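In what follows, a single structure is set out as structure tokens and then discussed.
Positions are given from 1 along the sequence. For clarity, every value in this text was computed on a predicted model and none was experimentally measured.
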Amino acid sequence: MIAEALLCLALNGYHEARGEPTAGELAVNHVVMNRVADHRYKNNVCDVVKAGRYRNNQPIKHACHFSWWCDGKSDEPYDIEAWLYSNQLASLIVSGMHPDITDGATHYHKIGYYPNWINDLGMVRVGLIGDHIFYRWE
């Protein structure tokens with residue numbers, strides 16, 4: 001179970017924040033863990049990472065919480081150095097060895113992108129880390 005959680009978290013960090021400063025990738029993955037801890041979301045890492053709308057057990061393109069999961073592209077890591085680093089960071093988070101630097105954020109988006117949910121009632125901007133802006137429920 002831990003190995004599966006580690007894999008899902010590492011893949012999320014790799015695809016969502018590869019190439020960002022360390023804090024950026026850590027923050028993106030803390031959002032996953034904050035969702036796991038929040039009653040509004042699934043209670044395990046892989047279910048949170050793979051959340052979205054499905055048809056015939058396949059994710060609907062562009063209908064997932066984390067865009068890489070259903071963008072239609074291969075999820076296989078191609079940058080081995082970045083993949084190894086993503087695994088190290090995911091391990092720190094899963095083991096509880098790295099504190100949450102997002103102040104409980106459950107959402108983020110890349111700078112320059114404006115998703116509909118940022119106007120949801122109760123959504124509070126937490127801050128900017130790396131290339132992403134982070135939010136949490138009030």
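Under the salt bridge (Lys or Arg N to Asp or Glu O under 4.0 Å) criterion, the residue pairs touching residues 88-107 are D103-R136, with sequence neighbours excluded.
In this structure, M33 and V45 have side chains that are in contact, with non-hydrogen atoms separated by less than 4.5 Å. Side-chain atoms of W68 and L11, non-hydrogen and from C-beta on, do get closer than 4.5 Å to each other. With contacts defined as side-chain heavy-atom distances shorter than 4.5 Å, the pair W117/P115 qualifies. With a 4.5 Å cut-off on side-chain heavy atoms, K50 and H65 do not count as touching. Using a 4.5 Å cut-off on side-chain heavy atoms (C-beta onward), W137 and V124 make no contact. At a threshold of 4.5 Å between non-hydrogen side-chain atoms, the residues R35 and K42 do not count as touching. Using a 4.5 Å heavy-atom threshold, the side chains of K61 and D71 count as separate.
A donor-acceptor pair under 3.5 Å is absent between the side-chain atoms of H107 and the main chain of V31, judged by distance alone. Judged purely by atom type and a 3.5 angstrom limit, N87 uses its side chain to pair as donor or acceptor with the backbone of W83. Side-chain atoms of Y41 never come within 3.5 Å of backbone atoms of V32 as a donor-acceptor pair (strictly under, hydrogens ignored).
Rounded to the nearest 0.5 Å, atoms CG (L9) and CD1 (I2) are 12.5 Å apart. How far CG of D38 is from OG1 of T106: 6.0 Å, rounded to the nearest 0.5 Å. A distance of 15.5 Å separates CG of D131 from OH of Y113, quoted to the nearest 0.5 Å. One finds the OG atom of S86 at 11.0 Å from the CG atom of L7 (value rounded to the nearest 0.5 Å). Taken from CD1 in I129 to CD1 in I101, the straight-line distance is 4.5 Å, to the nearest 0.5 Å. Atom CG in N44 sits 7.0 Å away from atom CD in E4 (nearest 0.5 Å).
Side-chain contact, H132 with E16: no donor N or O sits under 3.5 Å from an acceptor N or O. Between the side chains of W69 and D75, no donor-acceptor pair is found at a separation under 3.5 Å.
In R40, the CZ atom is crowded: over 12 heavy atoms of neighbouring residues, nucleotides or ligands sit closer than 6.0 Å.
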Stepwise side-chain contact (heavy atoms from CB on, under 4.5 Å) check, N34 with T102: CA-CA 9 Å; N34 291 338; T102 70; 3.1 Å; yes

Trace of the side-chain contact (heavy atoms from CB on, under 4.5 Å) decision for R18 with D79: CA-CA 9 Å; R18 176 183 65 253; D79 181 335; 4.3 Å; yes

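By the rule that hydrophobic residues join a cluster once side-chain heavy atoms approach within less than 4.5 Å of another member, I93 and L84 end up as members of separate clusters. Under the 4.5 Å side-chain heavy-atom criterion for Ile, Leu, Val, Met, Phe, Trp and Tyr, I60 and V48 are members of distinct hydrophobic clusters. Residues L6 and I80 are members of separate hydrophobic clusters, defined by side-chain heavy-atom contacts under 4.5 angstrom among Ile, Leu, Val, Met, Phe, Trp and Tyr.
R125 and L128 make their closest contact through NH2-CB, 4.3 Å (heavy atoms, listed as atom of the first residue, atom of the second, distance). Of all the heavy atoms in V28 and A17, the pair that sits closest is CG2-CB, 4.0 Å. Taking every heavy atom of both residues into account, Y54 and P59 meet most closely at CD2-N, 3.3 Å. Between A63 and C70, the shortest heavy-atom distance links the atoms N-SG, 3.3 Å.
The aromatic rings of F134 and Y108 sit tilted, their planes meeting at an angle between 30° and 60°.
Aromatic pair H109/Y135: ring centres closer than 6.0 Å.
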